[in-house]
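The structure under discussion is supplied below as structure tokens; questions concerning it will follow.
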Amino acid sequence: DLSAAQRKFAHSLRDFKFEFIGDAETDDERYIDASLHEFSNFLKNLEEQREILALSVTETLIKPLERFRKEQLGAVKEEKKKFDKETEKNYSLLEKHLNLSAKKKELQLQEADNQVEQNRQHFYELSLEYVCKLQEIQERKKFECVEPVLSFFQGLFTFYHQGYELAKDFNHYKMALQINIQNTRNRFEGTRSEVEELMNKIRKNPQEHKRANHFTMEGYLYVQEKRPAPFGSSWVKHYCTYRKETKKFTMIPFEHRSGGKVGDEELFVLTYCTKRNIDTIDRRFCFDLEASDRPGVPVTMQAFSEEDRKLWMEALDGKEAVSVSFFFFFFFFFICAQLDKIGFTVIKKCISAVETRGINDQGLYRVVGVSSKVQRLLSLLMDAKTCNEVDLENSVDWEVKTITSAMKQYLRSLPEPLMTYELHGEFIIPAKSGSPESRVNAVHFLVHKLPEKNKEMLEILVKHLANVSKHAKRNLMTVANLGVVFGPTLMRPQEETVAAIMDLKFQNIVVEILIENHEKIFKTLPDATFPEPISMSVSPPNAPPRQSRRQGQRIKRPLAVYNLCLELDDADSHSSPREDTPTGSMDSLSSQSPTPAFSSSPPGLLDGNHLIMDSGDLAGWTTNLPGQSRPSMVSWMNTPSANAAATNTAPSTFFFPNPATGSDRAVESVAQRKARAVYPCEAEHSSELSFQIGAIFEDVQFSREPGWLEGTLNGKRGLIPQNYVQFL
């Protein structure tokens, strides 16, 4: 029942699909989507092992015991029946002999004695055989019964060991997924606060937050549809749009109860608009429209309120003047913060104070200062008379959280965000798609399109944030966390809508790209042409996507046929020592030997007692080519041939399939080779290396973990994602 329930659960996980709001997902969201399929595979593998255990019980325990009962115990039972029969016969004869009369002739008595003696001798021999058989069966029980039980327990332990191996292989993926989940949660918290703020603004003044688009006016109106005299007229709800430049007015019948649109679109060119007074119609908020193709036949419409009617009349150039100005759609609040000399001084003073006093403070930039103190500090800093008198580095009057909050408040108070309204949409586009390299190139190109002052201020700020992220072990402000804080600060859309807020997570990604690649972006000039986004689906052969560096490549374990423990011990005696690696140790990703040797054996053979079920587990070494089979099931087997091949292979060469031809080819050892980084990388574990584009690695070797290399950078040795470097 448990196995059936878990298989059903695995199917549910596999078939479940997340829905998302917006037009794109982040990398973290995509890997969270894929995680349920990984969980499904994990449960499926576990239940396959449980099924094998159940099947092996019959062969390893039940049948041997049944055979022992029938062949050995059955034979002893037959001996016992024979012995009991002879015993009865012997004692009957003896009793008869003892009852003979002493008056019988001597010859008769002598014959009777001889017969009893022969019978006694036969019974004695039979007794010896029966005793030996009893002794034999008791001795046989000690191994004939215990050996199948031992074999059963070996199978049971193997099952639990498979679960341990699955958990160990799952550990790297689990840690990467936890990072994905934490990043998504952080972005959600930021997005939720922005949505709540927007909702409150809309509640207070709905008209100021209407969506600005290519229509001059749009919304719902009730349209009067006249019928023949006996039936009067009816009012039908329509969704209406109007373009002032072309005077085109469209109406679409709309009914919420029936699921939306219920008719075809009607379009006409507007001639004039007139307000209807209540003395001419028994409804409020009405006005008439006249179309150019139907002169003299006005269409009467009803708005939802008097204010709504005034807006429509203003947009349609109605004949009655309106008091409400339509220009409140473009109303801006005057803010004194500017990108001038004082502005640069404010930012530089704040950055200097933060790096001097609080670079290691936990939650730096996330912990908010007291609002009144922040406003007081800002007023002093932005006043040319008092700015130079404020000493932030040595004064204890201003807490670090007050300084960081003042800096963020200044950047938010600029009339336009630092990365400008004009380029906002262009920055968002590469964050939604493309390869890591194309994203960096696109952001690099767009940064150099910013106004000079904006770019200069952005460079100062991003350089500081990169420094903050280097102290993440103390202040807990990773690049992802800084992206959550400064995404909405450096970038914001000109129009506040829920749809725009859904792009907050991509704003965070743009800021992360800036922080991780600030040296390239600000110190070098971009290509003359805008880089085309590169789809992740066309990454180079054998190159796992960037996120696979986090996920790792998990080895699927074999489907074992459980034999007697002695046979398994023979296989284990040739196994490699890699199983001694503690659970969860990231160091197990690295190769145990200085130069790995691979043979041209089938990709299913890894070492003496470990097998790979699927050739896909060797991503980075092999490619699934057309016409190649991908075995999905293998049995537990020893691999002396594979070990021999590995032993006999010269250490200077190893073999792996050629991605171009699918054939095996010898490749020169990568020992002592160098490689150059083509992507920046932030280490996520102590066993990994952090590096920037252009970093040179020494003594580069392939790691046992598919898709990873080992190399030395600045005297430190660690793991490198294979598709992040290029061999020299």
Side-chain angles (χ1 to χ4, degrees), residues 49-162 558-575 608-609 635-640:
Q49 300 299 331
R50 193 194 304 276
E51 184 178 10
I52 290 171
L53 171 64
L55 294 174
S56 69
V57 169
T58 302
E59 296 294 330
T60 60
L61 179 64
I62 297 175
K63 284 187 177 180
L65 291 179
E66 284 286 335
R67 189 164 52 249
F68 176 76
R69 184 181 63 83
K70 290 178 181 179
E71 295 177 2
Q72 303 300 328
L73 291 180
V76 173
K77 286 182 179 180
E78 291 298 323
E79 287 289 332
K80 185 177 185 305
K81 288 180 181 179
K82 185 178 178 182
F83 174 75
D84 290 341
K85 185 177 179 181
E86 290 295 328
T87 300
E88 182 67 26
K89 180 180 177 182
N90 178 64
Y91 285 109
S92 297
L93 184 63
L94 182 62
E95 186 177 348
K96 182 179 179 182
H97 179 68
L98 292 175
N99 289 331
L100 282 176
S101 173
K103 297 178 180 180
K104 292 280 187 179
K105 293 181 180 181
E106 186 65 25
L107 184 61
Q108 290 178 330
L109 293 174
Q110 190 175 1
E111 287 179 359
D113 289 343
N114 291 338
Q115 186 179 1
V116 168
E117 180 61 25
Q118 290 177 358
N119 189 69
R120 187 193 65 78
Q121 187 68 28
H122 175 70
F123 180 69
Y124 179 73
E125 292 175 0
L126 192 65
S127 299
L128 286 177
E129 290 179 5
Y130 179 57
V131 169
C132 288
K133 201 70 176 177
L134 286 176
Q135 184 179 8
E136 178 184 334
I137 198 65
Q138 295 299 333
E139 293 297 323
R140 275 183 176 275
K141 282 183 182 179
K142 295 175 184 178
F143 56 89
E144 292 279 6
C145 292
V146 175
E147 191 173 42
V149 176
L150 179 60
S151 180
F152 163 73
F153 274 96
Q154 177 64 30
L156 190 65
F157 295 149
T158 305
F159 167 70
Y160 285 112
H161 182 71
Q162 294 297 324
L559 300 177
V561 177
Y562 305 112
N563 299 319
L564 294 177
C565 59
L566 295 178
E567 297 176 18
L568 293 176
D569 287 340
D570 290 338
D572 291 340
S573 64
H574 302 292
S575 63
N609 61 349
S635 60
W636 186 277
M637 56 195 297
N638 296 328
T639 57

Lys/Arg-Asp/Glu bridge criterion (N-O < 4.0 Å) met for Glu79, Lys82: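 So Glu79 does not pair with Lys82 through a salt bridge.
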So how far is it from Arg50 CZ to Gln162 CD, rounded to the nearest 0.5 Å?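 Answer rounded to 0.5 Å: 13.0 Å.
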Fit a plane to each ring of Tyr91 and Phe123, take the angle between them on a 0 to 90° scale, and name the class: parallel (under 30°), tilted (30 to 60°) or perpendicular (over 60°).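 Tyr91 vs Phe123 ring planes: perpendicular.
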Could you pull out the closest heavy-atom pair between Tyr130 and Lys80, with the gap in Å?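 Minimum heavy-atom separation between Tyr130 and Lys80: OH-CG, 3.2 Å.
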Looking at CZ of Phe83 and CD of Glu129, how far apart are the two atoms once the value is rounded to the nearest 0.5 Å?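 Phe83 CZ to Glu129 CD: 11.0 Å, rounded to 0.5 Å.
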Just wondering, do Asn90 and Tyr124 contact through their side chains at under 4.5 Å, heavy atoms?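 No, side chains not in contact.
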With side-chain contact (heavy atoms from CB on, under 4.5 Å) as the test, would you mind laying out the steps for Cys145 and Leu65 before giving the verdict? CA-CA 6 Å; Cys145 292; Leu65 291 179; 4.3 Å; yes
Please give me the minimum heavy-atom distance between Leu109 and Ala102, naming the atom from each residue.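 That closest heavy-atom pairing would be CD1-O, 4.2 Å.
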Restricting to salt bridge (charged side-chain N to carboxylate O under 4.0 Å, His left out), what partner residues turn up for Glu125, sequence neighbours left out?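 So Glu125 forms no salt bridge (charged side-chain N to carboxylate O under 4.0 Å, His left out) with any residue.
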Test Asn114 against every option in Glu117, Glu111, Gln110 by the side-chain contact (heavy atoms from CB on, under 4.5 Å) rule and name the one that passes.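 Of the listed options, the one satisfying the test is Gln110.
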What distance separates Asp84 CG from Lys81 NZ, expressed to the nearest 0.5 Å?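 Spacing of CG (Asp84) from NZ (Lys81) equals 10.0 Å.
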Name the residue from Lys63, Arg69, Lys70 that meets the side chain to side chain donor-acceptor pair (under 3.5 Å) definition with Glu66.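 Between Glu66 and the candidates, side chain to side chain donor-acceptor pair (under 3.5 Å) is satisfied uniquely by Arg69.
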Point-to-point distance, once rounded to the nearest 0.5 Å, from CZ of Arg140 to CG of Leu73: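 Rounded to the nearest 0.5 Å, the CZ-CG separation comes out at 10.5 Å.
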Could you tell me whether a side-chain N or O of Ser56 sits under 3.5 Å from a main-chain N or O of Leu53, the two making a donor and an acceptor?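 Present.
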How would you list, by chain and number, every residue that makes a side chain to side chain contact (heavy atoms under 4.5 Å, CB included) with Phe153, sequence neighbours excluded?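 Side chain to side chain contact (heavy atoms under 4.5 Å, CB included) list for Phe153, sorted by chain: Val149, Leu156, Phe157.
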I need the minimum non-hydrogen distance between Ala112 and Leu100, along with the two atoms involved.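 What the structure gives for the nearest pair is CB-CD1, 3.4 Å.
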Gap between atom CD of Gln115 and atom NE2 of His97 - 0.5 Å precision: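 Rounded to the nearest 0.5 Å, the NE2-CD separation comes out at 9.0 Å.
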Does this structure show an ion pair linking Lys85 with Glu88, if we count only N-O contacts that are shorter than 4.0 Å?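 No, no charged N to carboxylate O under 4.0 Å.
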Euclidean distance, Glu59 CD relative to Phe152 CZ, rounded to 0.5 Å: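 Here the rounded value is 14.5 Å.
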